Amino acid sequence: HLQEPRLLTFFKEIDIDISEAKGLFHLLDRDSSGVLDADEFLSGCLRLRGPAKALDLQLIMCELAEQRRYLMRLLQTLNSVEVVEPKLGDGSPMEQKKQQEPARELSRLIT
């Protein structure tokens, strides 16, 4: 459907590049249903209209920084929690290292 002349004309009129259609579809599909109804499509396209402004980018950067701070606090909390359940395995240093891997992986992903 992406090569349909009416669709190409529509995207051109609202300043959206057709080469970004797949990513655009995911942005427009707000309910993650895999289907766009007319209202979802139109409202999404109108939201994305025009070039990004410096203010928009700055707001996104601030939101990302806040999310990063939240994840760091969460990681610190997870690392400080003492496990009170019986430990699985033999209690050896190797077994303890395995139990710490999820927190280390989370730390690696957000730093």
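Because the structure is a prediction, the values reported are computed rather than measured.
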Please enumerate all residues that pass salt bridge (Lys or Arg N to Asp or Glu O under 4.0 Å) together with Arg30, with sequence neighbours excluded. none
Once side-chain contact (heavy atoms from CB on, under 4.5 Å) is applied, do any residues pair with Leu64, and if so which ones, sequence neighbours excluded? Ile60
Any residue meeting side-chain contact (heavy atoms from CB on, under 4.5 Å) with Glu13, in chain and number order, not counting sequence neighbours: Thr9
Once side-chain hydrogen bond (donor to acceptor under 3.5 Å, both in side chains) is applied, do any residues pair with Ser33, and if so which ones, sequence neighbours excluded? Asp29, Asp31
Verify the cluster assignment for Leu46 and Leu36: are they in a single hydrophobic cluster under the rule of side-chain heavy atoms below 4.5 Å apart? yes
Just to verify, what does Phe41 make a ring-ring contact (aromatic ring centres under 6.0 Å, His included) with, not counting sequence neighbours? Phe10
Glu63: partners by side-chain hydrogen bond (donor to acceptor under 3.5 Å, both in side chains), with sequence neighbours left out: none
Identify every side-chain donor-acceptor pair in residues 69-78 under 3.5 Å, counting partners at least two apart or on other chains, and give the distances.
unit_1	atom_1	unit_2	atom_2	d
Arg69	NE	Glu66	OE1	3.4
Arg69	NH2	Glu66	OE1	2.8
Thr77	OG1	Arg73	O	3.0

Sorted by chain and number, sequence neighbours left out, side-chain hydrogen bond (donor to acceptor under 3.5 Å, both in side chains) with Asp37 holds for none
